[in-house]
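Data first, discussion second: the structure below is written as structure tokens.
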Number of protein chains: 2
Amino acid sequence: MKKTAPTASDSLLKLDNFLCFAIYSTANAVTRAYQPRLSALGLTYPQYLVMVVLWEEENQTVSAIGDRLNLDSGTLTPLLKRLEAMDLITRRRGTVDERQVLINLTDSGRSLRAKAEAVPLAIGKAFGCTLEDAKSLRTELLDMRDNLIASIETRDQPA
Amino acid sequence: MKKTAPTASDSLLKLDNFLCFAIYSTANAVTRAYQPRLSALGLTYPQYLVMVVLWEEENQTVSAIGDRLNLDSGTLTPLLKRLEAMDLITRRRGTVDERQVLINLTDSGRSLRAKAEAVPLAIGKAFGCTLEDAKSLRTELLDMRDNLIASIETRDQPA
DNA sequence: ACGCTTTAAATTGCACACAATTTAATTGTA
DNA sequence: TACAATTAAATTGTGTGCAATTTAAAGCGT
């Protein structure tokens, strides 16, 4: 029984060689790792990110939050409605530009911040890398992300 | 108007400092970047990963695929049913152990591989990093993922 | 002022992820 | 051999992500 020699195409479709899969499965693991601590605050991981953005700056439009998190209104609108239903944020139409919806924190939303500050500290260790490693990894990932986004935007330009 | 000095807690909840967000938003960008090329094959990104696993080895159980991709039956069962409906795979109960469901490729599924081989080549450039960078980044991410998974499993052990 | 284009959110529809539960088959153990 | 515990998938329910479309408001060009 003769075995076929490894071909070039073998290495092309090996899961273990995929950087994309490393990113994908690490992202899933991240949200799973955050979940127990965030559910103690009543938040999902994407909801937590939105709250972080709002704790940095209030009175932001849906688009501004979307630019920060790379998410569109199709994702954010229902998510923000849930945060509003939890009484963490308010949503009101802009007065100068009525197309915009301005998002603000409620008192509950503002006070949740104190509890949220414990989360990154608690999770930090689980990553199992030094702060310097984390920092350089973060930079490399964000560069790559921006490259990927640029490649998407270039691709579908009209000729 | 006096501004408050930056406190330690400021840096704790800064989105720009979050490694988790770098991973999260890069993962989203990855699936967006793959989407146009994969939809030409009729696949989503997770479906593509399942096919890659099956191109490496046929006749795998749902759990075996799940172990490889870190996904559970709640995600895989409906995904595999879709691949079956597309006539790319077959699902049949195991004969030795009837709890298992064995996944195999159809001829269409097997022949799709040739087209799929072009995908990583085409996307590769969009990452905008060297092969060596990609390799070390991949290793670091997988290590971190395994650390995260280990931390989850340790946490909810019974005392 | 009139339309035309652009823009901001919302909506619709589909496909993940995952916690929690259920169903059914297998294993372990008295 | 009974029978409790475990295991493999499936199911249920919730919450994303995102493409595509819709709705309504703003800009803008004559």
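These numbers come from the heavy atoms of this one structure, side chains and all, not from hydrogens, waters or symmetry mates. Source: prediction; values computed, not measured. Naming convention: chains lettered A, B, ... in sequence-line order (proteins, then strands); numbering from 1 in each chain.
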Trace of the side chain to side chain contact (heavy atoms under 4.5 Å, CB included) decision for A:L54 with A:I65 = CA-CA 8 Å; A:L54 290 170; A:I65 298 171; 4.0 Å; yes

Considering just the side-chain nitrogens and oxygens of B:Q35, establish if one lies under 4.0 Å of OP1 or OP2 belonging to D:dC18.
-> no

Under 4.0 Å between a side-chain N/O of A:R32 and OP1 or OP2 of C:dC18, yes or no?
-> yes

Taken to the nearest whole Å, CG/B:L79 to C1'/D:dA10 is 14 Å

Hey, can you pull the residues of residues 52-66 of chain A with a non-hydrogen atom under 4.0 angstrom from DNA chain C?
-> A:T61, A:V62, A:S63

Would you kindly give the CG-to-P distance between A:L49 and D:dG15, to the nearest whole Å?
-> 16 Å

Quick note, B:P46 side chain, CB onward, closest among D:dT16, D:dC18, C:dA17 is C:dA17

Classify the nucleic acid contact of B:V96 as base, sugar-phosphate or nothing, counting any heavy atom under 4.0 Å across all strands shown.
-> sugar-phosphate

Which residue lies toward the 5' end of DNA chain C, A:P78 or A:N28, if each is placed at its nearest nucleotide?
-> A:P78

Shared hydrophobic cluster for B:L142 and B:M144 (ILVMFWY, side-chain gaps under 4.5 Å) | no

Comparing nearest nucleotides in DNA chain C, the 5'-proximal residue of the pair A:T31, A:D72 is A:D72

Starting at CG of A:L88 and ending at C1' of D:dG15, how long is that distance when rounded to a whole Å?
-> 16 Å

Nearest-Å distance, CZ (B:F21) to P (D:dG17)?
-> 11 Å

Side-chain N or O of B:Y24 less than 4.0 angstrom from OP1 or OP2 on D:dG17?
-> yes

Between C:dA25, D:dT16, D:dA26, which nucleotide has the shortest distance from any of its atoms to the side chain of B:E98?
-> C:dA25

Atom pair distance, as rounded to whole Å: CG in A:D97 and P in C:dT6 | 17 Å

Can you check the A:Y48 OH to D:dT16 P distance for me, whole Å?
-> 15 Å

At under 4.0 Å, does any side-chain N or O of A:K81 touch on OP1 or OP2 of C:dT11?
-> yes

Under 4.0 angstrom, heavy atoms only, what part of the nucleic acid is A:R82 near: base, sugar-phosphate, or nothing?
-> base

State yes or no: do B:L88 and A:L15 share one hydrophobic cluster built from I, L, V, M, F, W and Y residues joined by side-chain heavy-atom distances below 4.5 Å, directly or via other members?
-> yes

Counting side-chain heavy atoms from CB outward, which of C:dC18, C:dA9, D:dG17 is closest to A:R93?
-> C:dA9

For C:dA10, does either OP1 or OP2 sit under 4.0 Å from a side-chain N or O belonging to A:T77?
-> yes

Do B:S73 and D:dA10 share a donor-acceptor pair, side chain to base, under 3.5 Å?
-> yes

Among C:dA10, D:dA24, C:dT26, the one nearest A:V101 by side-chain distance = C:dA10

When only distance counts, do a donor and an acceptor, one from the side chain of B:T44 and one from the base of C:dA15, lie under 3.5 Å apart?
-> no

Going by the angle between their ring planes, with limits at 30° and 60°, are B:Y48 and B:Y34 parallel, tilted or perpendicular?
-> tilted

Run the salt-bridge test on B:R93 and B:E98 with the 4.0 Å N-O cut-off and return the result as yes or no.
-> no

Are A:V119 and A:M86 in one and the same hydrophobic cluster, where Ile, Leu, Val, Met, Phe, Trp and Tyr link if side-chain heavy atoms are under 4.5 Å apart?
-> yes

Taking OP1 and OP2 of C:dA15, is either one under 4.0 Å from a side-chain nitrogen or oxygen of B:Q47?
-> no

Interatomic distance, A:I149 CD1 vs D:dC18 P [rounded to whole Å] = 9 Å

Rounded distance (Å) that lies between atom P of D:dT16 and atom CG of A:L80 = 10 Å

Hey, does the side chain of A:R91 come within less than 4.0 Å of C:dA10's phosphate (OP1/OP2), counting only N and O?
-> yes

Could you tell me whether the phosphate oxygens of D:dG17, OP1 or OP2, come under 4.0 Å of any side-chain nitrogen or oxygen in A:T75?
-> no

Within the structure shown, what part of the strands sits under 4.0 Å from A:L76 by heavy-atom distance: base, sugar-phosphate, or nothing?
-> nothing

